Q: 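The following block contains the structure, expressed as structure tokens.
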Amino acid sequence: MKPRARLVAALACLGLLAVGCAKQAPLSTLHPEGPIARTEYGLWNVVFILAVVVFVLVEGAIVFAIFRFRRRKGDDSAPKQTHGNTRLEITWTIVPAILLATLTFPTVTTIFSLARAPKGAMQIQVQAQQWWWKYTYPKQKGITKQFTNANELHIPVGRPIRLALNSADVIHSYWVPALAGKQDVVPSRTNHLNIEAPHPGTYLGTCVEFCGLSHANMRLRVIAQTPSDFAKWAAGQAQNLHMPTSALGQKGMKTFLAQQCVGCHTIRGTAAAGNVGPDLTHVASRETFAGGIFDFNTRNLRKWLTDAPAEKPGSKMPAGVATMGLSKGDIQALIAFLEGLH
Ligand code: CUA
């Protein structure tokens, strides 16, 4: 190999190595939190260590053979031909069989124990669609009324949560690496996934099954709260909307109700009862919107209401200006209305 080619090859290898590095890597399975992710991580560790031992032994033997038995200068004799070695063949059949049998036991028991519904779990319905997540919270202690929320899953810490996952269209996959492994979300079938957060905080996640144009724009976050904060949040979410108090907000509400917005969105306490897009009753209580890709603020809302499909390719939300014919003033009023929906 020429020195230059060697340099290029070395740089390419370095580049490949570097893509595995990130100071801030929120989507990493290597920092499990909570009992479920930790159990999975424990199993992964056992498999990984065994795999490393096998890798080093096998590759070591190959490298040893390459150097020890390489053709040397002045040696033109043909290599000795051999056929079959019963003892070796039995060994390399039995050793992997023992290894696999050893791995089977912890793998199967872990799979079954994680598949069970944990005691005292809160069950939350998750519906995936292009390209956002809809959560439906059950009626139960602390939650007096069923309500829905989008993209941001609020949960109480220290309590197991059982997600019942469905898809409204194509196959998606639910993944919050700090809390649990991936779970496919398939149309006409309910899959389950257990999660439990050990302490308050925000755990980031995303869809990990290619599901169309905006697959990369289908993010999610799990917001874990103390049980009392969670109960407060849930009580607020179960209420109908807070009526706008400013004149601009009231104008925005009128615009909203007169537009096709009502065909797709629900705002509890108004005539808007659409089921295509997220429930907006308390949209201003969310940190993000549009599949979790934008921070909830005035600037992003304006961009979104002006031309949603330009912000999120394939979005079912029509372009506000070009398609729905909204004026600048309409958009200003709609923003005032939406920002009041706490
Ligand atoms: Cu949903 Cu990818």
Side-chain angles (χ1 to χ4, degrees), residues 19-20 22 24-32 36-37 40 114-115 123-137 147-155 161-195 197 202-224 263-266 274-280 283 286-296 300-301 303-304 307-319:
V19 294
Q24 292 256 311
L27 296 179
S28 164
T29 41
L30 300 180
H31 302 102
I36 289 138
E40 291 170 344
L114 290 180
Q123 178 155 317
I124 299 173
Q125 307 284 337
V126 182
Q127 191 188 49
Q129 46 213 291
Q130 291 169 318
W131 288 274
W132 59 285
W133 307 91
K134 173 174 165 183
Y135 302 111
T136 305
Y137 288 75
F147 63 85
T148 73
N149 182 31
N151 301 319
E152 294 171 8
L153 178 70
H154 285 245
I155 60 170
I161 307 294
R162 187 156 173 84
L163 302 176
L165 304 130
N166 271 295
S167 169
D169 38 49
V170 298
I171 301 177
H172 304 265
S173 184
Y174 197 88
W175 191 42
V176 189
L179 298 181
K182 299 165 183 173
Q183 177 62 61
D184 273 0
V185 187
V186 181
S188 336
R189 141 176 203 106
T190 302
N191 282 341
H192 289 95
L193 178 69
N194 302 328
I195 56 172
T202 299
Y203 304 85
L204 297 183
T206 185
C207 176
V208 275
E209 180 70 48
F210 180 72
C211 55
L213 261 190
S214 271
H215 157 65
N217 297 326
M218 189 169 170
R219 313 213 191 124
L220 66 107
R221 47 186 62 194
V222 175
I223 299 171
C264 293
H265 294 285
T266 290
N275 214 5
V276 178
D279 182 316
L280 300 178
V283 67
R286 295 177 203 147
E287 297 170 359
T288 59
F289 69 98
I293 56 174
F294 298 120
D295 287 337
F296 188 89
N300 287 338
L301 279 174
K303 278 206 253 176
W304 182 249
D307 193 353
E311 302 298 322
K312 190 175 172 186
S315 164
K316 288 195 184 111
M317 170 102 170

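Whatever order the structure lists them in is the order used to number ligands and atoms, beginning at 1. In this chain, numbering begins with 1 at the start of the sequence shown. This structure is a prediction, so every number in the text was calculated from the model and none was measured.
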Q: Using distance alone, with no hydrogens and no angle criterion, decide if Gln127 and Gln125 have a side-chain donor and acceptor under 3.5 Å apart.
A: no

Q: ring-ring contact (aromatic ring centres under 6.0 Å, His included) with His154: which residues, sequence neighbours excluded?
A: Trp233

Q: Could you work out, with side-chain hydrogen bond (donor to acceptor under 3.5 Å, both in side chains) as the rule, every residue matching Ser173, not counting sequence neighbours?
A: Asp184

Q: Is there a side-chain contact (heavy atoms from CB on, under 4.5 Å) between Leu220 and Tyr135 once you walk through the steps?
A: CA-CA 11 Å; Leu220 66 107; Tyr135 302 111; 3.9 Å; yes

Q: Flag the pair Trp133 / Cys207 as yes when at least one side-chain heavy-atom distance between them is below 4.5 Å, and no otherwise.
A: yes

Q: Just list the side-chain donor-acceptor pairs under 3.5 Å for residues 175-183, sequence neighbours left out, or say none.
A:
none

Q: Tell me how many protein N, O or S atoms are closer than 2.8 Å to atom 1 (Cu) of ligand 1.
A: 4

